[in-house]
Protein chains: 2
Amino acid sequence: MPTVSSEELAAAAGVNSAKLRKDFSYLGSYGTRGVGYDVEYLVYQISRELGLTQDWPVVIVGIGNLGAALANYGGFASRGFRVAALIDADPAMAGKPVAGIPVQHTDELESIIRDNGVSIGVIATPAGAAQQVCDRLVAAGVTSILNFAPTVLSVPDGVDVRKVDLSIELQILAFHEQRKAGEEATAGAAAVQAAAREETSTDQGPDGDVPAVMPA
Amino acid sequence: MPTVSSEELAAAAGVNSAKLRKDFSYLGSYGTRGVGYDVEYLVYQISRELGLTQDWPVVIVGIGNLGAALANYGGFASRGFRVAALIDADPAMAGKPVAGIPVQHTDELESIIRDNGVSIGVIATPAGAAQQVCDRLVAAGVTSILNFAPTVLSVPDGVDVRKVDLSIELQILAFHEQRKAGEEATAGAAAVQAAAREETSTDQGPDGDVPAVMPA
DNA sequence: ATGCCTTTGTGAACGCGTGCACAAAGATTG
DNA sequence: CAATCTTTGTGCACGCGTTCACAAAGGCAT
C-alpha cells in the first residue's frame with residue numbers, strides 16, 4: 001500500500017507538517033501512526049470533499065474568443081465539470097459547433113438550464129450584456145456564477161458570484177516588477193495592495209495574493 | 001477640494017475604518033485631520049504605488065482563442081498595460097491582425113522583447129509549448145510571466161510566475177454549491193481546501209479564497 | 001510477546017493581524 | 001483668538017491561526 005507521511009507532503013508543498021496534519025484531521029480521514037496516509041484513500045477523500053467526484057453541468061454564455069477558449073479548455077472535464085451548453089445572442093452563431101458542442105441561441109437559455117439541472121453558469125459576454133444574462137440565469141435557477149465580464153454583478157442572496165479579472169494578475173506582476181526596479185524611493189511601499197483591493201471591488205472575486213510586506 | 005473620510009471609504013468597501021487608515025499610513029500619504037483624504041491625491045498615490053501610472057509593454061505568446069481574447073481585453077490599456085506584440089508559432093497567422101495588432105512569428109520573439117524593453121510576458125499557448133516559450137522569454141530578458149497554460153513552469157530565481165487556472169474558480173463555486181446542497185453528511189467538511197491547495201500547486205498562482213470555515 | 005521506532009493527532013504557546021479607543025491635529029465658527 | 005468639532009494616526013489589547021512539542025498509537029523486528 002503506497003503511503004505518504006505528512007512530513008513528505010509538507011516538504012513537497014513547502015508548508016508546515018503540523019498544519020497539514022491538522023487540516024487533514026478535519027476531514028476525518030485518518031492516517032496510520034508510524035506509517036502515514038494511504039495515498040489512494042487520501043486523494044479520494046479530498047476529491048470528494050472538494051466536489052471533484054460529482055458531475056457539474058455548466059453553461060457558458062457568450063461565445064466570443066473567451067467563451068470559445070473556455071469551451072476548449074481541457075481542465076474542466078478532469079475536474080468534474082461538463083459543458084452542458086454554449087449560448088450566444090448572435091443568431092448567426094446558432095448551430096455552429098465550438099469545441100464539438102453546437103452553440104444555442106439565448107432564447108433557449110431558460111429551457112437549457114431547467115432541462116439539464118444546471119446550477120453553475122459562466123458569463124463571458126461583453127460587459128453591457130452581463131447583468132441581463134446574469135438575471136436570466138438566476139431566474140432560471142442558477143445559484144453560482146463565474147463572471148469574466150468587467151462588471152460587478154448584483155445578485156440576490158443565496159447566489160454566489162466570482163469575478164475573474166484577467167488584468168488583475170498582470171497588475172500583481174507589474175507591482176512586483178516595479179519593486180524589483182526601484183528599491184530607492186519605494187521605501188515605505190507595500191501594504192497598499194490591501195487597501196486598493198478594498199477600494200476597487202466589493203468583495204466578489206479572486207484575491208490576488210501579494211505577500212503583505214511590512215515596510216521598515 | 002473633494003475629500004473622503006476613512007469612515008465613508010470603509011463603509012463603501014465593507015471593511016474596518018481603522019485598518020484602512022493604518023494601511024494608508026504606510027503609504028506616507030497623509031490625510032487631513034478633521035477633513036479626510038484628498039480624493040485626487042489619494043488616487044494618484046495608490047495608482048503610483050501599484051504601478052498603474054507606469055507604462056508596461058507586454059507580449060502575448062500563443063494567439064489562439066485565449067490569446068485573442070486577451071488581446072481584445074479592454075481592461076489592459078486602462079491599467080497601464082500596452083500590448084507590444086502578439087506572437088504565434090503558426091506561420092499562417094503571421095501578419096494577420098488581431099485586435100488591430102499584426103501577429104508576429106515566434107522567430108521574432110527575442111528581438112521583439114529586446115527592442116521594446118518588455119519585462120512582462122503572457123503565455124497562452126498549449127501546455128506542450130509553454131515551458132519552451134517560457135525559457136525563451138526569460139533568456140530574452142523577461143522577468144515576469146503570466147501563465148495561462150495548464151503546466152507548472154520552472155524558472156530561475158528572480159523571475160516571477162503567476163499561473164491562472166481558469167477551472168480553479170469554477171471549482172471553488174462547485175465547492176460552495178456542494179455545501180449548499182448537502183448540509184447533512186457534510187458535517188466536518190471545510191478546511192480541506194487549504195490542504196488541497198498545498199497538494200496541487202507549488203506556490204505560484206492565485207489563491208482562490210474560500211473562507212476557512214471551522215467545523216464544529 | 002516485548003520493546004523500539006516511526007508517525008499521527010492535538011493541547012498549549014506563540015506571533016501576527018485586526019479592531020478598539022483615544023490623544024493629537026487641524027479646520028471651522030462665533 | 002479661543003472654543004468646539006471632526007477626523008486622522010497609532011498604541012494597545014484581543015482573537016485567531018500557525019507552529020511547537022509531546023503523548024498515544026500502530027507497525028515491525030527480534
Check your understanding: For B:Val142 and B:Gly121, which heavy atoms make the closest approach, and how far apart are they?
Key -> CG1-N, 3.7 Å

Exercise for review: Could you pull out the closest heavy-atom pair between A:Ala130 and A:Ile123, with the gap in Å?
Suggested key: O-CD1, 3.9 Å

Check your understanding: More 5' along DNA chain C: A:Tyr37 or A:Lys22, using each one's nearest nucleotide?
Key -> A:Tyr37

Exercise for review: Pick base, sugar-phosphate or nothing for B:Ser17, based on heavy-atom distances below 4.0 Å to the nucleic acid.
Suggested key: nothing

Check your understanding: Of all the choices, D:dT19, D:dT10, D:dG9, which nucleotide is nearest to the side chain of B:Tyr30 once you look at every atom?
Key -> D:dG9

Review point. With respect to the side chain of A:Ala18, which nucleotide from C:dG9, D:dC20, D:dT7 is positioned closest?
Key: D:dC20

Study note, to complete from the structure: Applying salt bridge (charged side-chain N to carboxylate O under 4.0 Å, His left out) to B:Arg82 and not counting sequence neighbours gives B:Asp55

Check your understanding: Counting only side-chain N and O atoms of B:Ser6, is one of them less than 4.0 Å from OP1 or OP2 of D:dT7?
Key -> no

Review point. For D:dT10, does either OP1 or OP2 sit under 4.0 Å from a side-chain N or O belonging to B:Tyr26?
Key: no

Could you state the [atom1]-[atom2] distance from [X] to [N], rounded to the nearest angstrom?
X	N	atom1	atom2	result
B:Leu20	C:dG17	CG	P	17 Å
A:Glu7	D:dC20	CD	C1'	12 Å
B:Leu42	D:dT7	CG	P	16 Å
A:Asn16	C:dC14	CG	P	17 Å
A:Leu27	C:dG9	CG	P	11 Å
B:Phe24	D:dG9	CZ	P	10 Å
A:Leu9	C:dT7	CG	P	13 Å

Provide a list of protein-nucleic acid N or O atom pairs under 3.5 angstrom, restricted to nucleotides 22-27 of chain D.
residue : atom : partner : partner atom : Å
D:dA24  : N3   : A:Arg33 : NH1          : 2.8

**Study point:** A:Ile63 CD1 to A:Ile87 CD1 distance, which is reported to the nearest 0.5 Å
**Key:** 8.0 Å

Review point. Would B:Tyr41 and B:Tyr44 count as a ring pair (Phe, Tyr, Trp, His ring centres under 6.0 Å) if you check the C-alpha gap in whole Å, the side-chain angles of each, and the deciding distance to 0.1 Å?
Key: CA-CA 5 Å; B:Tyr41 180 69; B:Tyr44 171 72; 7.3 Å; no

Review point. With a 4.0 Å cut-off, would you call B:Asp165 and A:Arg79 a salt bridge?
Key: yes

Point to revise | Which residues share a ring pair (Phe, Tyr, Trp, His ring centres under 6.0 Å) with A:Phe148, sequence neighbours left out | key: none

Check your understanding: Going by modelled atom types, is there a donor-acceptor pair between the base of C:dG17 and the side chain of B:Lys19 at under 3.5 Å?
Key -> no

